[in-house]
Enquirer: 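Below you'll find the structure I mean.
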Amino acid sequence: MSDYSLNLPQTDFPMKANSAVREVEIQKRWDAEDVYAKAMKKRESSEKFVLHDGPPYLSSSKIHIGTALNKVLKDIVCKYKNQKGFYSPYVPGYDSHGLPIENAALKDVKGGRHSITPVELRKRCREFALSNLKGQEANFRRLGVWGDWEHPYITLDQKFEAAQIRVFGQMATKGFLYKGLKSVSWCPTCETALAEAEVEYADHKSHSIYVKFEVAPQSRAKLPKFIKDGDQVNFVIWTTTPWTLPANLGVALHPDFNYHFLKTKDHGVLVVSEGLKEAFLSTTGVGDVELLGEALGKELELIETKHPFIDRTSLVVLGGHVTNETGTGVVHTAPGHGPEDFELGAKYKLGVVSPVDERGIFTEEAGQFKGQFYEKANQPILDHLTELNKLLHHSTYSHSYPHCWRCKKPLIFRATEQWFASVDGFRKDALKAIDSVQWIPESGRNRIFNMVENRSDWCISRQRAWGVPIPVFYCEKCNKHLMTAESIEKVATAFEKYGSDSWWEKSPEELIGDVKCECGHGEFRKETDIMDVWFDSGTTWHGVLDMRKEQLKGAPCELYLEGSDQHRGWFQSSLLTSVAVSGKAPYKTVLTHGFVVDETGRKMSKSMGNVVEPDEVIKQYGADVLRLWVASVNYTDDIPIGKNMLAQLAEVYRKLRNTARYLLGNLSDFNPKTDRVAYEKLSPIDQFVLHRLSSLVKEVTEDFDRFEFFKYYQLLQNFCVVDLSSFYFDIAKDRLYTEAKNSESRRAVQTVLEEVLLTLVRIIAPVAPHLADDIWQHLPEAIKKFEATEESVLLTDFPVAQARFVDENLSQLFESLIDVRETVNKALEQARADKKIGKSTEAQVLIAVENAELRKKVESLGADLPGFFITSQATVQAEVNGKAAGNRLSEVKENGLTVVVFNAEGTKCARCWKFKTEVGTIKENPELCSSCLEALKES
RNA sequence: UGUCGCAUAGCUCAAUUAGCAGAGCACUUGCCUGAUAAGCGAGAGGUGGAGGUGCAAUUCCUUCUGUGGCAACCA
């Protein structure tokens, strides 16, 4: 019976994505046809929108999901901006120096870092980093990220190193760099100083000890009068780091605290603060005590005590940092091993003892503990204290403690000579610059502002080999350092030509020529420290943006887009160097995203087994589904991902795909040149869909401009599902399939479908470029020829919301009609549930509308009414009257609306499947309805 | 520990000034077999907990819990 020809959809566009194969093919075509370059060429004279890539670190060849998210976000922005008419290049970068790479490269070096030359070590580091680059690049490209992959920036490039040296030079010339002895965070495992940004707090179990410091005989006269001659007086300090005791030089009290002198049976007189006395007594259990008297901290200043086990005095000093929260109110002070101690020590000229070397091993200075790793020395020190009867109590104490963010081991403080960038010197400008930047989300402003406001100077020295050297020389005679604009420029020139290896390969003379020190001497040695790797990436605004000015127009650029941890990392290091040199921020807008967590909100970790690997997602679902995930989440907070979400995203992807397939299939015979129907001639529902389309374009444009992709995602999905698939597509099928091929009614639908398709495909392109381009390649030839001549959708312009499609009245009309349609659906469903009908064309509906205005609206559909409900007949009345007394299949009343369902009148037409009364009465063909007959004649 | 932010259906997101808490997906269920490893309909399902102020609270207040940032976590 179904021999009658219908206009069914025709397309080669496959329903199944087969992403694993198809996406790769598409990418190959992009590469082969150089689509990125063509897009850039197309916009070469347009306004620039530069997103500057924060360089991922090259310690691994495989990216994790957070990096994938970051790159995709960037790619969405760049692709969108390009479509919007900007010249928006993407130059990917890589961060290639630094400790983790050096440590990794050292893994298979027998004998460790000291067994090979720096140049040899650096060669291994370079090879390791560059091999990882290849892996990461492949990962990024598989995500569909486009960019100038042939010309990435790498911080180990000679030109980049030279630029970095020049930034250093400018900062030096401005007096923002100095060498100073300070207490810095030190990682004994990595054997280097660390900057604040590299410190991370984690729980740690420490010792908790109370140690007696006996007042020295020469100071007994300074003790309060209530102390009798025979009393041995001890200040009791509390510390969690026994190993710092060999470095002890002082005992700090709070000037305004009250200190109690407690006479004990076994320990002489003990001095602790009043506020901590009770806690102290109960913790240590020293037994009954007699309060001899009390004194303020400031009354005890400069009393000398005896170091518990070293022949040395330890001075009582006063410090505001002493608190009454834990311990004894008497603070063990080791200027060599604590920042506050260091400052206090400087104030009192205590000197500095730092008997721990760069590996955390005790030196000669530590006497009997020499040669031991600091942590290992805790126990012997405790034993020694016990032996000497200086230890009052010992237990453990859990607290958070600074750790190295690279190797995760506990840090120590070491007072050493380091190079610093004087943040104090340009803090005000930095804060001002922060306020000139747009931070998204806004909270980012406060986050970085507070950090910069309170941070101390930036320690840029690292005692390692894999990095850019600090370009300073020291006079062999007077030891004064040489750091002039000229000397630094000479180093920069040398690096530009030979790379930074030349620092190790060449002599000072070869590097800077014949230069004399102020003292007249002409022989120099080179600084051995290299720069903090954050200094490398912190200067990309110069090494990349400025150095590729023609392409990237120089700093500041429009956008930095990184994870929110970069407030203390790259955003800050970039800001500091840029402000120091130019007084400006290197970026106009900073956009941040949170961290990826699993579906239950937990951090991803190997041990929990909840890690989502990007390549596995791609293997199973394809890059576009992963990209769709990126677009679907509000990345301001933590970003969840997991099996459920991906499965759902795959469904949404499928919906997009099938929407496109319907559009493509039903446009197979449409020639825009000849078949298009003028807007005025479209039926109301057609016009309404165009209205919806134009609001979609308007809204998603706003969403893209605000980087709120999750709103775009919701809108896009809703449009495809609600406006198209279940509404317009469903209703339009009748016109598309059964009307004469060239009828105006059918061409009208196709006119709308074409507009929708060409708009949708371009809206999808930034987020799901493979899908969009796949659609593009499958466009019907006539459309390709006249409306879609670009070889890739990525070369098109983003759609513009068409004002001529906007019709608010029509929109309101259809809102009401859709409400009515929902009620009709309920009534039909009831009849269906009662097995009275199957498909809705087996029914006719009677709609009684009380409200005259609404009734008029429904009536306005006229002959389109049955089609609107996909029934065979539909009538509108003011109330259910006698005429409808037939066999009621169901009835639904709601909102002043009564819908009654009857069996459709007439007989089913064999072609269009609608029930018509004339079917069977037409002699020419009793199987068909009149319109089908006509349609057949016309075609 | 302090401080700031966040918390809406199983999931991803909405909800003007306090005014009946909405979508899509998933789920359940029915239909269709001319988008077919498709499509359509219907249904169920929710404001983290406990208080408070309002006629009325997702919205304002207090508190707790969870989560994230920052600061300190000390010696």
Side-chain angles (χ1 to χ4, degrees), chain A residues 2 4 6-9 11 15-16 201 206 237-241 244 248 250-252 319 321-323 325-328 330-334 337-341 344 397 399-402 413 441 443-444 446-451 454 564-565 567-568 594-595 597 599 601-602 629 631-634 636-638 640 642 644-652 654-655 657-666 708 710-711 713-722 725-727 729-730 733-734 736-738 822 824-826 828-830 832-833 835 837-842 870 911-913:
Chain A
S2 58
Y4 303 106
L6 285 160
N7 311 308
L8 293 179
T11 177
M15 190 148 53
K16 277 188 77 180
Y201 285 85
S206 296
I237 64 97
W238 176 72
T239 183
T240 57
T241 49
T244 60
N248 176 284
V251 168
H321 67 289
V322 178
T323 69
E325 273 157 34
T326 43
T328 58
V330 183
V331 173
H332 152 58
T333 299
H337 292 301
E340 282 159 334
D341 301 24
L344 201 60
Y397 183 75
H399 58 137
S400 61
Y401 187 84
F413 286 103
S443 56
N446 285 343
R447 194 163 165 183
I448 193 166
F449 191 94
N450 292 337
M451 276 190 271
N454 297 314
S564 59
D565 57 334
H567 283 102
R568 73 166 181 177
F595 284 97
V597 295
E599 277 175 319
R602 291 173 308 179
W629 162 70
S632 74
V633 290
N634 179 349
T636 323
D637 293 322
D638 278 353
N644 285 320
M645 283 176 70
L646 288 165
Q648 290 193 23
L649 285 153
E651 286 296 308
V652 174
R654 202 175 53 79
K655 191 72 187 182
R657 205 173 168 88
N658 279 317
T659 301
R661 189 158 185 268
Y662 178 99
L663 290 163
L664 290 168
N666 283 300
E708 291 175 340
F710 57 97
K711 291 188 177 164
Y713 167 84
Q714 299 279 338
L715 285 172
L716 176 66
Q717 189 194 178
N718 268 281
F719 182 75
C720 289
V721 174
V722 179
S725 189
S726 72
F727 181 68
F729 284 2
D730 214 26
K733 274 195 265 189
D734 180 52
L736 287 167
Y737 298 172
T738 68
E822 277 176 18
V824 170
N825 274 337
K826 278 181 200 165
L828 290 170
E829 184 59 26
Q830 228 175 70
R832 196 176 287 132
K835 303 289 174 195
I837 58 167
K839 54 194 298 186
S840 54
T841 42
E842 291 167 25
I870 319 184
R911 183 165 173 275
C912 71
W913 292 355

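By convention in this document, chain letters (A, B, ...) are assigned in the order of the sequence lines, proteins followed by strands, and residues within each chain are numbered from 1. Since we're looking at a predicted model, the values are computed, not measured.
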Enquirer: RNA chain B: A:D734 or A:A833, which has the more 5' nearest nucleotide?
Expert: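 Its nearest nucleotide being more 5', the pick is A:A833.
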Enquirer: Tell me: CG of A:L716 to C1' of B:A14, nearest whole Å?
Expert: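 Value for this atom pair: 16 Å.
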Enquirer: Does A:W629 reach a base, just sugar-phosphate, or nothing at all? Heavy atoms under 4.0 Å.
Expert: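 The residue A:W629 makes no contact with any strand.
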Enquirer: Nearest to the A:H332 side chain among B:A23, B:A75, B:A35, which nucleotide is it?
Expert: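 Closest nucleotide to the A:H332 side chain: B:A75.
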Enquirer: Using atom P in both nucleotides, what's the gap between B:A44 and B:G5 to the nearest angstrom?
Expert: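 Straight-line distance between the two P atoms is 39 Å.
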Enquirer: Is any NZ, NE, NH1 or NH2 atom of the basic residue among A:E651 and A:R654 found under 4.0 Å from an Asp or Glu carboxylate oxygen of the other?
Expert: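 The answer is yes: the pair qualifies as a salt bridge.
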Enquirer: Once you round it to whole Å, what is the distance between C1' of B:G10 and CD of A:E651?
Expert: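 In whole Å, B:G10 C1' and A:E651 CD are 15 Å from each other.
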Enquirer: Would you say A:S726's side chain and A:V721's backbone share a donor-acceptor pair under 3.5 angstrom?
Expert: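 Side chain of A:S726 to backbone of A:V721, a donor-acceptor pair under 3.5 Å: yes, one is there.
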Enquirer: Whole angstrom is fine here: how far is it from CZ in A:F710 over to P in B:C13?
Expert: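 That distance rounds to 7 Å.
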Enquirer: Show me, range against range, the stems involving RNA chain B, built from at least 3 consecutive Watson-Crick or G-U pairs below 3.5 Å.
Expert: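 For RNA chain B the paired stretches long enough to count as stems (3 pairs minimum) are B:1-7 with B:65-71, B:10-13 with B:22-25, B:27-31 with B:39-43, B:48-52 with B:60-64.
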Enquirer: Would you indicate which nucleotide in B:C6, B:A75, B:U33 comes nearest to any side-chain atom of A:T244?
Expert: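 Looking only at side-chain atoms, A:T244 lies closest to B:A75.
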Enquirer: Enumerate all atom pairs, one protein N or O and one N or O from nucleotides 68-71 of chain B, separated by less than 3.5 Å.
Expert:
residue	atom	partner	partner atom	Å
B:G69	O3'	A:R447	NE	3.2
B:G69	O3'	A:R447	NH2	2.8
B:G69	O2'	A:R447	NE	3.0

Enquirer: Take atom CD of A:E842 and atom P of B:G30, then tell me their distance rounded to the nearest Å.
Expert: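 So the CD-P distance, A:E842 to B:G30, works out to 18 Å.
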Enquirer: Tell me which nucleotide among B:U33, B:U12, B:G34 gets nearest to the side chain of A:L8.
Expert: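 The closest nucleotide is B:G34.
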Enquirer: Give one of base, sugar-phosphate or nothing for A:T241, where a contact means two heavy atoms less than 4.0 Å apart.
Expert: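 The answer is sugar-phosphate, as A:T241 gets under 4.0 Å only of primed atoms, P, OP1 or OP2.
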Enquirer: One character per nucleotide, please: for nucleotides 37-46 of chain B, 5' to 3', B when the base has a protein heavy atom closer than 4.0 Å, S when only the sugar-phosphate does, - otherwise.
Expert: BSSSBSS---
Enquirer: Below 4.5 Å, heavy atoms only, C-beta onward: do A:I870 and A:D734 meet side chain to side chain?
Expert: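 When only atoms from C-beta onward are counted, A:D734 and A:I870 do not touch, as no gap falls below 4.5 Å.
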Enquirer: In whole Å, measure the gap between the C1' atoms of B:G45 and B:U12 for me.
Expert: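 It works out to 16 Å between them.
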Enquirer: Determine, stepwise, if the pair A:E829 / A:R832 fulfils salt bridge (Lys or Arg N to Asp or Glu O under 4.0 Å).
Expert: CA-CA 5 Å; A:E829 184 59 26; A:R832 196 176 287 132; 2.9 Å; yes
Enquirer: Taking the six-membered ring for Trp, does A:W913 stack with B:G34 (centroid gap under 5.5 Å, planes within less than 30°)?
Expert: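 Stack criterion met.
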Enquirer: Using atom P of each nucleotide, how far apart are B:C4 and B:U62 to the nearest Å?
Expert: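 Comparing P positions in B:C4 and B:U62 gives a spacing of 10 Å.
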Enquirer: Tell me: OH of A:Y662 to C1' of B:U36, nearest whole Å?
Expert: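 So the OH-C1' distance, A:Y662 to B:U36, works out to 14 Å.
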Enquirer: What distance, rounded to whole Å, do you find between the two C1' atoms, one in B:G52 and one in B:A15?
Expert: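 24 Å, rounded to whole Å.
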Enquirer: Considering only side-chain heavy atoms of A:M645, which listed nucleotide, B:C13, B:G34, B:U12, is closest?
Expert: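 For A:M645, the side-chain atoms sit closest to B:U12.
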Enquirer: Which glycosidic conformation, syn or anti, is assigned to B:G54 if syn requires a torsion within 90° of zero?
Expert: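 Syn conformation for B:G54.
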Enquirer: Would you indicate whether the side-chain heavy atoms of A:F413 and A:D341 approach each other to under 4.5 Å?
Expert: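 Side-chain contact under 4.5 Å: no.
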Enquirer: Expressed in whole Å, how much space separates the C1' atoms belonging to B:G34 and B:C40?
Expert: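 Here B:G34 and B:C40 have their C1' atoms 14 Å from each other.
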Enquirer: What contact category does A:Q648 fall into here, base, sugar-phosphate, or nothing, at under 4.0 angstrom with non-hydrogen atoms?
Expert: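 Base, at least one base heavy atom under 4.0 Å.
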Enquirer: Say we look at B:U16 and B:U58: how far apart would their C1' atoms be, to the nearest angstrom?
Expert: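 The same atom, C1', in both gives a distance of 14 Å.
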Enquirer: Rounded to whole angstroms, how far apart are CG on A:L649 and C1' on B:G10?
Expert: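 Going from A:L649 (CG) to B:G10 (C1'), I get 15 Å.
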Enquirer: Would the distance check show the side chain of A:T333 and the main-chain N or O of A:V331 forming a donor-acceptor pair, the cut-off being under 3.5 Å?
Expert: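 Flag set: sc A:T333 to bb A:V331 pair under 3.5 Å.
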Enquirer: Is there a donor-acceptor pair under 3.5 Å between the side chain of A:W629 and the backbone N or O of A:P640?
Expert: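 Yes.
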Enquirer: When the P atoms of B:C61 and B:U17 are compared, how many Å lie between them, rounded to an integer?
Expert: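 My reading of the P atoms in B:U17 and B:C61 gives 15 Å.
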Enquirer: Report the distance from atom CZ of A:F449 to atom P of B:C4, rounded to the nearest whole Å.
Expert: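 After rounding, the gap between these two atoms is 18 Å.
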Enquirer: Any non-hydrogen side-chain atom of A:Q648 less than 4.5 Å from a side-chain atom of A:M645?
Expert: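 No. Closest side-chain heavy atoms not under 4.5 Å.
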Enquirer: Please lay out, stage by stage, how A:L663 and A:F729 fare under the test side-chain contact (heavy atoms from CB on, under 4.5 Å).
Expert: CA-CA 9 Å; A:L663 290 163; A:F729 284 2; 3.7 Å; yes
Enquirer: Find out whether A:N666 and A:Y737 are in side-chain contact, i.e. whether some heavy atom of one side chain is under 4.5 Å from a heavy atom of the other.
Expert: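 Sidechains of A:Y737 and A:N666: in contact.
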Enquirer: Can you check whether A:Y713 has a side-chain N or O nearer than 4.0 Å to OP1 or OP2 of B:C25?
Expert: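 No.
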Enquirer: Can a donor-acceptor pair be found between the side chains of A:T244 and A:H332 at a distance below 3.5 Å?
Expert: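 The criterion, which ignores hydrogens and geometry beyond distance, is satisfied for A:H332 and A:T244.
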Enquirer: Contact class for A:G338 (heavy atom, under 4.0 Å): base, sugar-phosphate, or nothing?
Expert: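 Touches nothing.
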Enquirer: Answer yes or no: is there a side-chain heavy-atom contact under 4.5 Å between A:D565 and A:F595?
Expert: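 The answer is yes; the side chains approach within 4.5 Å.
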Enquirer: Distance check needed: B:A26 C1' versus A:N644 CG, whole Å only.
Expert: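 The answer, rounded to whole Å, is 8 Å.
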Enquirer: Roughly how far apart, to the nearest Å, are B:G39 and B:A26 at atom P?
Expert: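 That atom pair is separated by 9 Å.
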Enquirer: Could you say whether A:K839 or A:S632 is positioned toward the 5' end of RNA chain B, judged by the nucleotide with the nearest heavy atom to each?
Expert: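 Its nearest nucleotide being more 5', the pick is A:S632.
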Enquirer: Does any N or O in the side chain of A:R911 come within less than 3.5 Å of the main-chain N or O of A:L6, such that one atom is a donor and the other an acceptor?
Expert: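 No: the side chain of A:R911 does not pair with the backbone of A:L6.
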Enquirer: Do the side chains of A:W238 and A:V330 get nearer than 4.5 Å, heavy atoms only?
Expert: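 Not touching, per the 4.5 Å side-chain cut-off.
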